[in-house]
Amino acid sequence: MIYISMTLHWSLLLFIAIALVSSVAQAAVVEHTFNVGNFSISQLCQPPLIITAVNGQLPGPTIYAREGDTVVVHLVNTSPYSMTLHWHGVLQRGTPWADGPAMVTQCPVQPGGNYTYRFNVDGQEGTLWWHAHVSFHRATVYGALVIRPRGGAKAYPFPKPDKEHVVILGEWWNATVYDMERMAFLTGIPAPHADAYTINGKPGDFYNCSAPNQTAKFEVRQNGTYLLRIINAGMNTPLFFKVAKHRLTVVGADACYTKPYKTDVVVVSPGQTVDALMVASAAVGRYYMAASPYDSAIPQGPPFSDTTATAILQYAGARRKTVRWRPPVLPRRPPVNDTATAHRFFSGMTALLRHGKPSAVPLAVDTHMYVTVGLGVSLCQPEQLLCNRSAPPVFSSSMNNASFVVPKNTSLLEAHFRREPAGVYTRDFPDTPPVVFDYTGDESDNATMQFTTKSTKVKTLRYNETVEMVLQNTRLIAKESHPMHIHGFNFFILAQGFGNYDKRRAERRFNLVDPQERNTIAVPTGGWAVIRFVADNPGMWYMHCHFDAHISLGLAMVLEVLDGPTPETSVPPPPADLPRCS
């Protein structure tokens, strides 16, 4: 009896110990210090340029976490600029003060200041990313956030890859982006297009004065399987991504699993991520990865850089002299205005339903919204000191003809938390456009339709309210595909198409079974998309076009989600080190 009792006793202790170890392994604290400061770099044979970067890296450090972990990032701002960081796609449940957009959830961290971002990654797996969310600093302040399953790579709902590669697409200017943004604001003239596209911070072999150290390289073994975590960190340009002689199988987008989708081209708009498996099944050799622009605004849109960024996929064994000196194979580039290919990719994916669970898409809708998104014109603002007030109105952009301006002295979340919105924001963002017209037709040329006014309007939602939103592109100034991003939420994409939204026809096409889930949608050029989500995350959540040129013009609004019935469903008090506005 004593022996049996002791055996049971030690078995119980062993069980508890295993449980404790397992618990610790499943929920860890991932901690980083991000020193944001000046960094000297030379690209494209230009003189060294002082840019703002994290820890002297471009791109910045990749954060690796597992589902359920707590991420802690200490931002130390040694740059001469105000700074914030946004964790793109992280839901921030219970941690809205960590979301990061300047003057929406926090005042910026001033030069010499610091702030600690602390948040959980519960219920999320896949590829997200982080970036600056003030001025144009995200052109150089960005990096990947990789969230793996708690069970590690063996818990992926697809074949376990032999290795993973982060592939971050970006844009490069031979200029100081802060000065560029300031001049664009002061004059009302949009900033110039990028001088180059980049892959992992490097432009590749097809720019003037390209150098070997300006081309990223990825090594693979023949017949190996690789998970490519593709991120478009670019400022203003959707990109086609291809690997010569290789096909890809998409298995995730915006940290949401998808049914396997086979393709030879991936299309990623700014803000979006794609996880794709690639089997290294080609002959031993070297092959180009290529990122080239998709310009949906041709012919009315602004100039863009019609160039191609490249990286080299190099097979093990390709270092032999006979192979090494053979130029890499280049994939055929899609036409820059290949809307058919872009739409086929964006609309072709569906959600992977796991463990036999049905889709979580809500079927009953509480609030319907019809929101136009596009460009326009407005009068010069008082702060635009170099704006030509005797000339026609300057470029602007809007949602439902409301062109958004962030407050200057108090963040929206602070005003919401204190219940003091007066003088900071108003709760009158319209559910429908103020004027109904042919949004994608010739009527858009009417100057009256193009005019918009500046405001700080938010849409107030009850906790747990289900929202269905039609996003309608307009042809005002130019029609193009706007990548619309919502902070604090994923949403279901029920349908999308071209022309003006027709409810009767569109509802027949709604996918309520396995719609793809994303945090950023590329609304079809001259078209529409229908999204649906549950407002179950209290706070102030920025919704905006992820073209930074359009954010600064006002293509944004904020969703104010009211508190729920419990402390856990309410906005908590701000952290003690929350930055104050100067």
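In this chain, numbering begins with 1 at the start of the sequence shown. This one's a predicted model, so the numbers in the text were calculated from it and none came from an experiment.
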[X] side chain to [Y] side chain, donor-acceptor N/O pair below 3.5 angstrom:
X    : Y    : answer
Q106 : Y117 : yes
Q110 : S82  : yes
E560 : T460 : yes
E414 : S411 : yes
H88  : N519 : yes
S347 : Q496 : no
T237 : E171 : yes

If you draw a 6.0 Å radius around [atom1] in [X], do more than 12 non-hydrogen atoms from other residues or ligands fall strictly inside?
X    : atom1 : value
R93  : CZ    : yes
R419 : CZ    : no
R508 : CZ    : yes
F345 : CZ    : yes

Quiz item: If every non-hydrogen atom of P238 is compared with every non-hydrogen atom of N232, which pair is closest and at what distance?
Solution: CA-ND2, 3.9 Å

Quiz item: Going through the checks in order, is the side chain to side chain contact (heavy atoms under 4.5 Å, CB included) test met by V558 and Y425?
Solution: CA-CA 10 Å; V558 166; Y425 65 91; over 6 Å; no

Quick one: pull up [atom1] in [X] and [atom2] in [Y] and give me the separation to the nearest 0.5 Å.
X    : Y    : atom1 : atom2 : answer
D514 : T258 : CG    : OG1   : 10.5 Å
D99  : F119 : CG    : CZ    : 9.5 Å
F492 : E468 : CZ    : CD    : 13.0 Å
T95  : N537 : OG1   : CG    : 8.0 Å
Q472 : T440 : CD    : OG1   : 6.5 Å

Practice problem: Considering only NZ, NE, NH1 and NH2 on the basic side and carboxylate oxygens on the acidic side, decide whether E465 and K459 come within less than 4.0 Å. | Solution: no

Exercise. Please list, chain by chain and in numerical order, all residues satisfying side chain to side chain contact (heavy atoms under 4.5 Å, CB included) with A191, sequence neighbours excluded.
Key: F136, M180, A184

Quiz item: How would you list, by chain and number, every residue that makes a side chain to side chain contact (heavy atoms under 4.5 Å, CB included) with K454, sequence neighbours excluded?
Solution: S378, Q381, S396, S403, V405

Practice problem: Apply the test side chain to side chain contact (heavy atoms under 4.5 Å, CB included) to residues M469 and F491: give CA-CA distance (whole Å), side-chain angles for both, the deciding distance (0.1 Å), then the verdict. | Solution: CA-CA 10 Å; M469 185 183 297; F491 48 78; over 6 Å; no

Quiz item: Knowing that exactly one of H546, H485, H137 qualifies, which makes a ring-ring contact (aromatic ring centres under 6.0 Å, His included) with H131?
Solution: H546

Quiz item: Checking side chain to side chain contact (heavy atoms under 4.5 Å, CB included) against H133, which of M83, M103, H487 comes through?
Solution: H487

Quiz prompt | Partner of I486 under side chain to side chain contact (heavy atoms under 4.5 Å, CB included), chosen from I521, I531, T520 | solution = I531

Is there a side-chain contact between [X] and [Y] in this structure, where contact means two heavy atoms from C-beta onward sitting under 4.5 Å apart?
X    : Y    : result
L379 : F451 : yes
W97  : L413 : yes
N236 : H193 : no

Quiz item: With sequence neighbours left out, which residue pairs that include part of residues 453-482 fulfil the ring-ring contact (aromatic ring centres under 6.0 Å, His included) condition?
Solution: H482-H550

Quiz item: Is the distance between the ring centroids of H544 and F404 less than 6.0 Å?
Solution: no

